[in-house]
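Computed from a predicted structure; not experimentally measured. These values consider heavy atoms only, across backbone and side chains, with no hydrogens, waters or symmetry-generated copies. Whatever order the structure lists them in is the order used to number ligands and atoms, beginning at 1.
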Amino acid sequence: MSDDEQVVLVERQPERRTALVRLNRPKQLNALNGAVMDELCAALEALDQDDTVRAIVVTGNERAFAAGADIGEMADATPIEMLLTNRIGQWDRIRRITKPVIAAVNGWALGGGCELAMTLDLIVAGEGAKFGQPEIGIGVIPGAGGTQRLTRAIGKAKAMRMILTGDPITAAEAERAGLVTLVTQDELVVEDALALAATIAEKSPIALRLAKEAVNAAHEMGLTEALAHERRLFYLLFASEDQKEGMAAFLEKRPPDFRGR
Ligand code: CO8
């Protein structure tokens, strides 16, 4: 299959133990149709199983990370068709990825595109990026986590404005509000996201996996339960070779060699 036909492209970078996943429907601003979601989920799941990859970057192109769910594909749908195709249920496959995943965002991250970025773990944005939940303008509401993740990320006051007006915010506003990890020049977005991924990839894969699980628990559990969960994950890491190696390397004043065991 040529690059023109594949709606998701995957490039592994073995020397940095990272991989770059690119959404590739440029003429439709990467609108997330069934094919894109199927290929994206399959690509992330394959990389999650690949021991040569320790951190992943997902990006779009210079105009759009993704301008939302494909409106043409949804316009005539019935609720039962939506239910049976399980398009939104499929997003749980992205949530279940255990490795760190960074969204590298240029241009539009709207609707499902903004929700996709928020479902991943960190967001690196170009100065010209715009984040928004414009669904209200087409007679619906965010359906893939936007009302929940945006509110948790930036608070009710700002989330209400974005969701009720549909107006997007800039990358700088998104960073100030706590939605975005890092803002950089548009042309450096992918490079900086890959550099961040490479820094993460140097760490113990087992510790990364449990760290991601523990941080995500902050959104899903109450404090007492989440603290107990964190403590159990912390104790569990003492069963890993990477913990012995990491602490020995510190004491011997040498860099650690993490094997993911
Ligand atoms: N769906 C389908 N096609 C799209 C989408 C989209 N979301 N966004 C852009 N396109 C297409 C346009 O139709 C156009 O195609 P064509 O050239 O054939 O006419 C092409 O991409 C380029 O777009 P524009 O000409 O509109 O480009 P502009 O630079 O003038 O405008 C905008 C860019 C502002 C991004 C504009 O395209 C826009 O407003 N797009 C729609 C944004 C939107 O409303 N997104 C929310 C969609 S609903 C949603 O995401 C709900 C998620 C729920 C869960 C997900 C389930 C899978």
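Of all atoms in ligand 1, numbered sequentially from 1 with element shown, those under 4.0 Å from a heavy atom of Ala144 are 54 (C). Taking every heavy atom of Pro134 and a limit of under 4.0 angstrom, the matching atoms of ligand 1 come to 43 (C), 44 (O), 45 (N), 46 (C). Close approach of ligand 1 to Trp108 is summarised as follows: ligand atoms under 4.0 Å from at least one heavy atom of the residue are 33 (C), 34 (C), 35 (C). Atoms of ligand 1 lying under 4.0 Å from any heavy atom of Leu110, numbered from 1 in the order shown and given with element: 35 (C), 42 (C). Those atoms of ligand 1 that come under 4.0 Å of a heavy atom in Glu135, given as number and element, are 48 (S), 49 (C), 50 (O), 51 (C), 52 (C). The ligand atoms of ligand 1 that sit less than 4.0 angstrom from a heavy atom of Asp70 are 1 (N), 2 (C).
Nearest non-hydrogen protein atom to atom 29 (O) of ligand 1 is Arg63 NH2, 3.2 Å. Ile71 N, 3.5 Å is the protein heavy atom nearest to atom 2 (C) of ligand 1. In this structure, the protein non-hydrogen atom closest to atom 23 (O) of ligand 1 is Leu29 CD1, 3.6 Å. When hydrogens are left out, the protein atom nearest atom 4 (C) of ligand 1 is Gln28 O, 3.9 Å; that is the closest non-hydrogen contact. Nearest to atom 52 (C) of ligand 1 among the protein's heavy atoms is Glu115 OE1, 3.6 Å.
The nearest protein heavy atom to atom 8 (N) of ligand 1 is closer than 4.0 Å. Contact annotation for atom 50 (O) of ligand 1: protein present (non-hydrogen atoms, distance under 4.0 Å). Less than 4.0 angstrom separates atom 55 (C) of ligand 1 from at least one non-hydrogen atom of the protein. Taking a distance limit of 4.0 Å, we find that atom 16 (P) of ligand 1 is approached by no protein heavy atom. For atom 19 (O) of ligand 1, the nearest protein heavy atom is 4.0 Å or more away. Less than 4.0 angstrom separates atom 44 (O) of ligand 1 from at least one non-hydrogen atom of the protein. Per-atom contact check: atom 37 (O) of ligand 1 touches the protein, criterion being a heavy-atom distance below 4.0 Å. Closer than 4.0 Å to atom 27 (O) of ligand 1 lies at least one heavy atom of the protein.
Checking Thr170 against Glu173 by side-chain atom types alone, a donor-acceptor pair falls below 3.5 Å. Inspection of the Gln148 and His219 side chains reveals no N or O donor paired with an N or O acceptor under 3.5 Å. With 3.5 Å as the limit, one finds no donor-acceptor pair spanning the side chains of Asp192 and Gln185. Thr52 and Asp50 are linked by a side-chain donor-acceptor pair at a separation below 3.5 angstrom, with hydrogens and angles left out of the test. A donor-acceptor contact closer than 3.5 angstrom is absent between the side chains of Glu241 and Gln243.
Ionic pairing of Arg259 and Asp257 is present here: one or more N-O contacts between side-chain nitrogen and carboxylate oxygen are shorter than 4.0 angstrom.
Across Lys158 and Ile154, no two heavy atoms sit closer than the pair CB-CD1, 3.6 Å. Closest non-hydrogen pair, Phe238 versus Lys244, comes out as O-NZ, 3.1 Å.
Not a single N or O atom of Ile138, backbone or side chain, sits closer than 3.5 Å to an N or O atom of ligand 1. At a 3.5 angstrom cut-off on N or O pairs, Ala67 counts as close to ligand 1.
The proximity of Ala31 to ligand 1, defined as any non-hydrogen pair under 4.0 Å, is limited to the side chain. Looking at Met37 against ligand 1, nothing comes within 4.0 Å, counting heavy atoms.
Between the CG atom in Asn30 and the CZ atom in Arg63 there is a gap of 10.5 Å [rounded to 0.5 Å].
Listed by chain and residue number, Arg93 satisfy the side chain to side chain donor-acceptor pair (under 3.5 Å) test with Glu45 (two or more places apart in sequence, or in another chain).
Remark: Asp76 CG is loosely packed, at most 12 non-hydrogen atoms of other residues, nucleotides or ligands lying under 6.0 Å away.
Remark: among candidates Lys27, Met82, Met74, Arg25, the nearest residue to atom 14 (C) of ligand 1 is Lys27, based on non-hydrogen atoms.
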